[in-house]
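Residue numbers begin at 1 in each chain, while the letters A, B, ... track the order of the sequences.
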Amino acid sequence: MLLGLGKILIFPGFLFLTVYSLLFEYLDRKVYARLQNRMGPPWYQPLADFLKLIGKEVIIPAEANKTMFQVLPVISLSAVAAAFIYVPVLGKEAIASFEGDLIVVLYFLTIPTMCLFLAGWYSRGVYATVGSVRTLTQLFAYEVPLFMALLAPALIAKTWSVTGMTAFFAEHPLYILINIPALFVALVAAQGKLERVPFDTPEAETEIVAGPLVEYSGRLLAIFRITIDCELVMIASLVSAIFLPFMTGNIALDFVLYLVKTVAVLLFLALMRSVMARLRIEQMVNFCWKYLAPIAILQIVINLLVRGWLGL
Amino acid sequence: MSLIKKAIDWGTRKSPWIIHFNAGSCNGCDIEIVDALTPRFDLERLGILQRGTPRHADILVCTGAVSLQTKDRLKQIYDQMPEPKFVIATGTCACSGGVFDGCYCVLGGIDRVIPVDVYIPGCAVRPEAIISAVVKLLGALEAQQKGGGKDAERRSDYSTVGREIQSFEG
């Protein structure tokens with residue numbers, strides 16, 4: 001009981017998630033800066049930003065719904081932290097798992113996006129409303145390809161649990177090669193989920209200032225920022241658990257492998273962010289439904305055929 | 001408790017986010033501010049980010065002699081920023097009105113409307129001067145936080161602190 005609580009709260013649970021997410025934000029910004037031929041921020045920058053925002057005044061607009069305005073950041077952070085429980089960090093075993101937790105994780109990951117939408121909506125600002133409507137529009141575009149891309153490997157593994165899928169693919173590493181299109185779809189859709197370039201239309205700072213977060217300040221903004229960082233860690237962990245489950249069997253070595261895999265996913269996402277420009281919202285929706293969704297459907301068909309052919 | 005306050009003070013010094021406002025400038029200083037934000041000067045080394053919204057910003061970087069049209073907007077933008085907040089008057093016009101001083105349509109200087117922490121003269125200011133001003137503002141802030149205040153006298157070429165920087169106790 002106490003051990004389980006410690007796992008959930010400290011390692012590899014909430015505390016590890018927040019510390020690792022600050023490190024992730026640093027790596028992301030550093031790689032982005034190096035690709036622009038800059039030095040980039042020092043290693044403590046995300047921590048300094050977080051502490052500064054904690055100390056700042058919180059302004060709640062007179063028009064805004066005060067309860068929702070304050071509660072939404074906390075709900076979104078707790079949803080991401082809850083999702084992290086079902087993703088394996090130490091070896092093959094997650095803190096908790098049951099048949100079907102992949103679906104639960106995906107729904108937990110939708111909650112921050114919905115919170116972002118509601119945060120913008122309840123702020124009652126013009127920019128915030130435009131940003132939150134775009135957030136919701138974008139949600140309908142990337143969510144289906146992302147779900148299909150993450151569910152396709154489950155057809156081969158014949159289990160709906162993240163831990164089960166990791167265990168299956170660790171035993172049969174060659175099946176990963178079949179899932180490469182799904183990996184591509186998942187990484188591109190993840191950029192949309194995390195609202196990063198090229199899909200950062202909802203918070204496009206050059207046109208609608210900061211999107212749904214326009215009215216947020218102080219520690220509420222700090223919680224939202226750390227939620228977005230945690231989401232980045234979460235997506236990288238999920239992708240590396242499902243698509244890159246190379247295991248050695250030794251727990252310490254597996255943890256190092258976990259760090260290497262997640263950082264590799266992050267480097268790819270940072271590279272995508274640096275070399276691309278922002279799409280307009282309708283271009284984004286077109287791209288997701290015209291290219292990403294068909295590739296994901298094709299992946300599901302391929303996986304079904306492979307499953308029948310191999311008699312899994 | 002004091003450890004938390006120390007950590008927050010440290011964070012405030014290490015992560016100044018700026019917002020840029022043009023209060024009737026000729027655009028010369030604005031272009032230099034944009035210049036200072038380019039990869040050549042790489043302000044992210046110091047933790048400086050440009051934010052679009054005053055709610056996220058710590059430092060208001062103003063240019064121009066404050067025309068009557070922008071007076072209310074400037075006040076509004078300043079009021080929307082959360083405490084602690086600082087103001088940098090960028091360019092000769094922002095400091096004193098410059099060549100527009102005495103003109104019927106300008107107030108002549110940012111400090112006629114809002115309190116200013118750092119003045120940077122120059123027409124137009126150089127990016128190095130802007131960076132130096134921000135660093136000096138942060139240095140003065142550190143002296144203030146540590147309770148000293150003796151370093152607040154140490155000003156040179158580019159910047160002068162117009163008022164005592166408000167402490168965080170308030």
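Proximity to chain A is limited to the backbone of B:Gln80, based on heavy atoms less than 4.5 angstrom apart. If you measure heavy-atom distances from B:Leu43 to chain A, you find no contacts under 4.5 Å at all. Only the side chain of A:Gln45 comes within contact range of chain B, judged by heavy atoms closer than 4.5 Å. With a 4.5 angstrom heavy-atom cutoff, B:Arg13 does not touch chain A via any of its atoms. Of the two parts of A:Phe50, neither the backbone nor the side chain holds a non-hydrogen atom closer than 4.5 Å to a non-hydrogen atom of chain B.
Taking the side chain as every heavy atom from C-beta outward, B:Pro82 and A:Ile59 approach each other to under 4.5 Å.
With rounding to the nearest 0.5 Å, the separation of CG in A:Leu53 from OG in B:Ser15 is 6.5 Å. If you take CG on A:Leu213 and CZ on B:Arg51, they are separated by 9.0 Å, rounding to the nearest 0.5 Å. Separation of atoms NZ (A:Lys56) and CZ (B:Arg55) is listed at 11.5 Å; rounding is to 0.5 Å. Taking CD1 of A:Ile208 as the reference point, atom OG1 of B:Thr53 lies at 12.0 Å (rounded to 0.5 Å). Atoms CG and CD, from B:Asp42 and A:Gln36 in turn, are 9.0 Å apart once rounded to the nearest 0.5 Å.
In this structure, A:Arg278 places its CZ atom where more than 12 heavy-atom neighbours from other residues, nucleotides or ligands lie under 6.0 Å away. Within a 6.0 Å radius of CZ in A:Phe14, other residues, nucleotides and ligands contribute 12 heavy atoms or fewer. Taking a 6.0 Å sphere around OH of A:Tyr32, one finds it holds more than 12 heavy atoms contributed by other residues, nucleotides or ligands. Around the CD atom of A:Gln283, the shell of radius 6.0 Å holds more than 12 heavy atoms that belong to other residues, nucleotides or ligands. Residue-environment remark: CZ (A:Phe117) exceeds the threshold of 12 foreign heavy atoms within 6.0 Å.
Interface summary for chain A: among B:Asp58, B:Leu46, B:Leu49, B:Ile48, the most heavy-atom pairs under 4.5 angstrom belong to B:Asp58. Between chain B and the residues A:Val58, A:Val214, A:Leu47, the largest count of heavy-atom pairs under 4.5 Å involves A:Val214.
Residues A:Lys52 and B:His56 approach most closely at NZ-O, 4.4 Å, considering heavy atoms.
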